[in-house]
Amino acid sequence: MKQDIESELLALSRQLLEAISAGDWPTYVRLCDPGMTAIEPEAPAQIVRGLDFHKFYFDLPRSPGARQTTLTQPVVHLAGDLAVVAYVRLVQKLEDGRPKTVASAETRVWRRQGDAWRHVHFQRSPLQGA
Ligand code: GLY
């Protein structure tokens, strides 16, 4: 049972990252609580509340070329209707025609709302590039 929930939360986290990578706003909105809070480098020294701030990036043109997202070293902590998923996110992409990997440490909090888990908070910190 606990393992099933952890697998579900990892699958949801992967789905979220794929939605971000693909610019899939409807999927992102479906997975996130409208009042989600965020601490990330795009909003220096701020805690962002809600989804509008994030939509700006989904509305930008997609950068061309191959892109792959990998979630590594995942850990899941479950506490009733709350769950914390932490991992290192690797994004492989092309920059000036050369492969580049960008690494970030992410902590994402999910809350069960009825039958579904919704994403309610995250913190992302850049790590040294590979
Ligand atoms: N910057 C949007 C997200 O990581 O969820």
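Model, not experiment: these values are computed from the prediction. When a ligand or atom number is given, it counts from 1 through the structure's own listing order.
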Do L17 and E106 come within less than 4.5 Å of each other through their side chains, counting heavy atoms only? yes
H54 ring center within less than 6.0 Å of Y57 ring center: no
How far is atom 4 (O) of ligand 1 from its nearest protein heavy atom, and which residue and atom is that? R108 NH2, 2.7 Å
For E40, is at least one N or O under 3.5 Å away from an N or O on ligand 1? yes
Taking 4.0 angstrom as the limit and counting only heavy atoms of H54, give me the atoms of ligand 1 inside it, by number and element. 1 (N), 2 (C)
Residue portion contacting ligand 1 (non-hydrogen atoms closer than 4.0 Å) for F122: side chain
Measuring from E6:CD to M1:CE, what's the distance to the nearest 0.5 Å? 11.5 Å
Just jot down the ligand 1 atoms closer than 4.0 angstrom to any heavy atom of I20, in number order. 3 (C), 4 (O), 5 (O)
Working for side chain to side chain contact (heavy atoms under 4.5 Å, CB included), residues S13 and L71: CA-CA 9 Å; S13 300; L71 184 160; 4.1 Å; yes
Would you sort out whether Q73 and Y87 count as a side chain to side chain contact (heavy atoms under 4.5 Å, CB included), showing the intermediate values? CA-CA 5 Å; Q73 301 151 261; Y87 52 84; 5.8 Å; no
Counting from 1, what ligand 1 atoms have a heavy atom of Y28 closer than 4.0 Å? 2 (C), 3 (C), 5 (O)
